[in-house]
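Bear in mind the structure is a predicted one, so any value in this text is a computation, not a measurement. Per chain, numbering begins at 1; letters A, B, ... match sequence-line order. Heavy-atom basis, side chains included; hydrogens, waters and symmetry copies ignored.
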Protein chains: 2
Amino acid sequence: MSPRIGLDLNTILKAATEIADAHGIEEVTLASLAKKLNVRSPSLYNHIDGLPGLRKKLAVYGLELLYSQWKRAAAGRSGEDAVHEIAKAYIAFARTHPGLYEATLLAPDSWDHDVQRAGGKMVDLALGVLKDFELEGEPAIHAVRGLRSILHGFASLEQKGGFGLPLDLDVSVRLIIDTFLAGIHAIKQNEKKYAK
Amino acid sequence: MSPRIGLDLNTILKAATEIADAHGIEEVTLASLAKKLNVRSPSLYNHIDGLPGLRKKLAVYGLELLYSQWKRAAAGRSGEDAVHEIAKAYIAFARTHPGLYEATLLAPDSWDHDVQRAGGKMVDLALGVLKDFELEGEPAIHAVRGLRSILHGFASLEQKGGFGLPLDLDVSVRLIIDTFLAGIHAIKQNEKKYAK
DNA sequence: TCCCCAAAACTAATACCATTAGTTTTAATA
DNA sequence: TATTAAAACTAATGGTATTAGTTTTGGGGA
């Protein structure tokens, strides 16, 4: 059932990740990847469905890795502490794996089933963390969208060199999350006031 | 001093914008652009410095356009109203010009002088709006980073189909900005309390 | 009015790239 | 040890950007 052992998908994804993190996702070509793996480009088609297929698998691979680090960051924590930790983990991932992080957002058609599922796991984890703030249902979904926007926006802008001013970026992350959490609390309070 | 009139840069940028908005920035190639302009690709080199040069000019073009719409949105407004309006304008721009919006963030080297200047204008405008919240100096810069992260993150995730759940996106924007503003106020209040 | 010339467009050629088709190699299994 | 299916290969095609060198052209100076 296995008449020959050559490359395997994981080896390919790791090599692609190295290229992406070192030189950017656009430098991940079948040509550069084949060279790194000491193979001719057409050989890669035995394992992946062309460049688009590689990018999709890389997106899922990155999302799974990000999710695992997110889960570790949230483990044993709750409330504001948990939010700060997953935020730090998210930003750290984008810094450690700039190219792979790019890949997670570059899904050819983001509607792909595997990408959806991997992304859904992250949304579920975020929803779980926000339960500590008495957020459920639609308000929770809006809040998760807010948190994701903050994290992706910050990671993306930092990566593209969008923050030019010489001011500590980690401080910014902490303050932005603090502001987000303070806002959640304030709005909750406001709701309770009117509910009386 | 002008022995022949052919294409001009603005015509090229408009055509590139149309392709980008209709089919995505990656479909803006010298080949596709030349075809749209009824010209052979090498002719474009008389006006732009290759594909990287085109992308840079497109980034600046997009930033200027976004800035102009931002300025219009902020005109005559202040405080929370102004923040909500520039947020809506930002998201609207990303929706109207998805490809051009992509281009603004895809600066080859974001450290380019023209890109920096165009981006700086937007930061200055945001700083001006936040002055209404008694924010200046470093806290203001952190706050602008937060606002930019929210807006870019939301626009980017929406564009890539990252928000899968069937829940009104405009409501999300409004709530996220409300949360951001409530957070700014809450932290301000907190500072004042401790300052006593 | 006509000529000039520089800018703009062109053709031709090169070097990448992804992808497909068809062939050869190879190693686990039977 | 022979089989065989997977995996790697070579060859070929068509798309891309880019450079070099040539031709076209139209506004300004004679």
Side-chain angles (χ1 to χ4, degrees), chain A residues 1-61 99-100 102-103 106-109 112, chain B residues 1-61 99-100 102-103 106-109 112:
Chain A
M1 197 67 82
S2 62
R4 192 173 173 183
I5 309 178
L7 288 173
D8 86 309
L9 188 56
N10 219 270
T11 306
I12 291 178
L13 292 178
K14 274 186 188 151
T17 298
E18 284 180 27
I19 298 174
D21 289 338
H23 305 105
I25 186 67
E26 72 286 352
E27 292 296 322
V28 178
T29 64
L30 295 189
S32 68
L33 187 55
K35 178 171 289 184
K36 190 181 185 76
L37 293 167
N38 293 311
V39 142
R40 306 304 178 114
S41 341
S43 306
L44 297 172
Y45 284 78
N46 285 316
H47 306 276
I48 53 168
D49 192 13
L51 189 58
L54 171 66
R55 274 142 100 110
K56 202 203 81 175
K57 288 215 184 300
L58 206 55
V60 176
Y61 178 74
L100 187 57
E102 275 185 280
L106 184 117
D109 46 352
D112 177 89
Chain B
M1 197 66 85
S2 61
R4 192 173 173 182
I5 310 177
L7 289 173
D8 86 310
L9 187 56
N10 218 270
T11 306
I12 292 178
L13 291 178
K14 274 186 189 151
T17 298
E18 284 180 26
I19 298 174
D21 289 339
H23 306 106
I25 186 68
E26 73 286 352
E27 293 295 323
V28 178
T29 65
L30 295 191
S32 68
L33 187 55
K35 177 171 291 184
K36 189 180 184 76
L37 293 166
N38 293 312
V39 143
R40 307 303 178 113
S41 345
S43 306
L44 296 172
Y45 284 78
N46 285 316
H47 306 276
I48 54 168
D49 193 12
L51 188 57
L54 171 65
R55 274 141 100 110
K56 203 202 81 177
K57 288 217 182 300
L58 206 54
V60 175
Y61 178 74
L100 187 57
E102 276 185 281
L106 184 116
D109 48 351
D112 177 272

Count the heavy atoms of every other residue, nucleotide or ligand shown that sit under 6.0 Å from CG of A/Asn46, and state whether that count exceeds 12. yes
Could you state the CG-P distance from A/Leu51 to C/dT20, rounded to the nearest angstrom? 12 Å
Rounded to whole Å, the CG-C1' distance (B/Asp49 to D/dA17) equals 12 Å
Rounding to an integer number of Å, can you tell me how far A/Ile48 CD1 sits from C/dT19 P? 8 Å
Applying side chain to side chain contact (heavy atoms under 4.5 Å, CB included) between B/Leu58 and each of B/Ile48, B/Leu100, B/Ile12, B/Leu106, report the one that passes. B/Leu100
Tell me: CD1 of A/Ile5 to C1' of C/dT29, nearest whole Å? 12 Å
Rounded to whole Å, the CG-P distance (A/Leu54 to C/dC17) equals 15 Å
Donor-acceptor pair (no angle test) under 3.5 Å: B/Asn46 side chain, C/dA9 base: yes
Reported CG-to-NZ distance for the pair A/Asp8 and A/Lys14, which is rounded to 0.5 angstrom: 8.5 Å
Counting only distance, no hydrogens or angles, is the base of D/dA7 paired donor-acceptor with the side chain of A/Arg4 under 3.5 Å? yes
Report yes if a side-chain nitrogen or oxygen of A/His47 is closer than 4.0 Å to either non-bridging phosphate oxygen (OP1 or OP2) of D/dA8; otherwise report no. yes
Respond yes when some side-chain nitrogen or oxygen of B/Tyr45 is under 4.0 Å from OP1 or OP2 of D/dT19, and no when none is. no
Between A/Leu44 and A/Leu37, is any pair of side-chain heavy atoms under 4.5 Å apart? yes
Hey, does B/Leu13 have a side-chain heavy atom less than 4.5 Å from the side chain of B/Leu54? yes
How many whole angstroms separate atom NZ of B/Lys35 from atom C1' of D/dT16? 12 Å
Is the distance from OP1 or OP2 of D/dT10 to the nearest side-chain N or O of A/Arg40 less than 4.0 Å? yes
Atom CG of B/Leu30 and atom C1' of D/dG15: how far apart are they, to the nearest Å? 13 Å
NA contact type, A/Ser43, heavy-atom cut-off 4.0 Å: base, sugar-phosphate, or nothing? base
Quick one: B/Glu27 CD to D/dA17 P, roughly how many Å, whole number? 11 Å
